[in-house]
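Here's the structure we're looking at; comments come further down.
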Amino acid sequence: MKVEPTDALIVVDMQNDFCPGGALAVEGGDEIVPGINKVQTLFHHKVFTRDWHPPDHCSFSDNPSFQNGSWPVHCVADTPGAQFHPDLEVAADATVVDKATESNKEAYSGFDNTDLEATLNDKGVKRVFICGLAADVCVRWTALDALKDGFHPVLIEDLTKPVDNPPGTAEKVREELRHAGVITVRSDELE
Ligand code: VGL
Ligand code: ZN
């Protein structure tokens, strides 16, 4: 599949707290960093979302279930856990989108209560290639919102990792996205 000038890469939440050693670590989350760096070279438009919570965010629980809005304290704005993975390359001209910045609102999608839709439309973007963390949470909702907003979403399946809690969730979400019309590719199919 050929990457076009009207395509954008959306890298979702490649932050320390979602990588091993972080507060809400996704298994193998750090393993996709080299592949994300490599695929970036194909894209003119690059967007990096960040989960960027206030310290009293409504999803934070002392006894988290690791699903459905009950998570440990994670990605508190301006803390080390909220920083991008240190090996992730973020170009100076890339767009950084912060989400879920309000205490009383959850936002899993990079489009939820942000400028992302307008930013992509301003740049003439038609299709978005999505990767990052977590496949069954923020990647899922970002892909579904991309569809809703009229962008053609393509999921780069080897450059995402799921929470998968309870087990089986990741597979269900893959089916859901396929059904909704999200196309799936592997990074080595892109040129
Ligand atoms: C995420 C759980 C809570 C994610 C964000 O980026 O997938 N997951 N907040
Ligand atoms: Zn969060």
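Numbering of ligands and ligand atoms starts at 1, following listing order.
- Across all their heavy atoms, P54 and A100 have their closest contact at CD-O, 3.8 Å.
- With respect to the Zn ion (ligand 2), D51 has OD2 as its nearest N, O or S atom.
- Contact analysis puts H74 in contact with ligand 1, with a non-hydrogen atom separation below 4.0 angstrom.
- Salt bridge annotation for E175-R178: present, with a cationic side-chain nitrogen under 4.0 angstrom from a carboxylate oxygen.
- Residue H74 counts as close to the Zn ion (ligand 2), with an N, O or S atom under 2.8 Å.
- Rounded to the nearest 0.5 angstrom, F48 CZ and E89 CD are separated by 8.5 Å.
- The Zn ion (ligand 2) has an N, O or S atom of H53 closer than 2.8 Å.
- Here is the list of ligand 1 atoms found below 4.0 Å of a heavy atom in A134: 4 (C), 6 (O), 7 (O).
- A cation-pi arrangement is found for R50 relative to F84, the charged atom lying closer than 6.0 Å to the ring centre and inside a 45° cone about the ring normal.
- Coordination check, D13 versus the Zn ion (ligand 2): failed, since every N/O/S atom of the residue sits at 2.8 Å or beyond.
- In summary, the side chains of D136 and T169 do not present any donor paired with an acceptor at a separation below 3.5 Å, with no hydrogens or angles considered.
- Against a heavy-atom cut-off of under 4.0 Å, L133 is close to the following atoms of ligand 1: 6 (O), 7 (O).
- Distances below 4.0 Å separate heavy atoms of V137 from the following atoms of ligand 1: 1 (C), 2 (C), 7 (O), 8 (N).
- By the 30° and 60° cut-offs, the orientation of the rings of H74 relative to W71 is perpendicular.
- Polar contact check, C138 against ligand 1: a nitrogen or oxygen pair lies under 3.5 Å apart.
- Remark: ligand 1 and L24 share no N or O pair separated by less than 3.5 Å (distance only, no angle test).
- Of all atoms in ligand 1, numbered sequentially from 1 with element shown, those under 4.0 Å from a heavy atom of D13 are 4 (C), 6 (O).
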Would Q15 and D51 satisfy side chain to side chain donor-acceptor pair (under 3.5 Å), going step by step from the backbone distance to the final call?
CA-CA 8 Å; Q15 295 163 274; D51 213 30; over 6 Å; no
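- Each of D13, D112, D115 was checked for a salt bridge (Lys or Arg N to Asp or Glu O under 4.0 Å) with K99, and the lone residue meeting it is D13.
- Residue D51 has at least one nitrogen or oxygen atom sitting less than 3.5 Å from a nitrogen or oxygen atom of ligand 1, judged on distance alone.
- Under the 4.5 Å side-chain criterion, counting only non-hydrogen atoms from C-beta, F111 is in contact with L120.
- For ligand 1, the atoms closer than 4.0 angstrom to any heavy atom of W71 are 2 (C), 3 (C).
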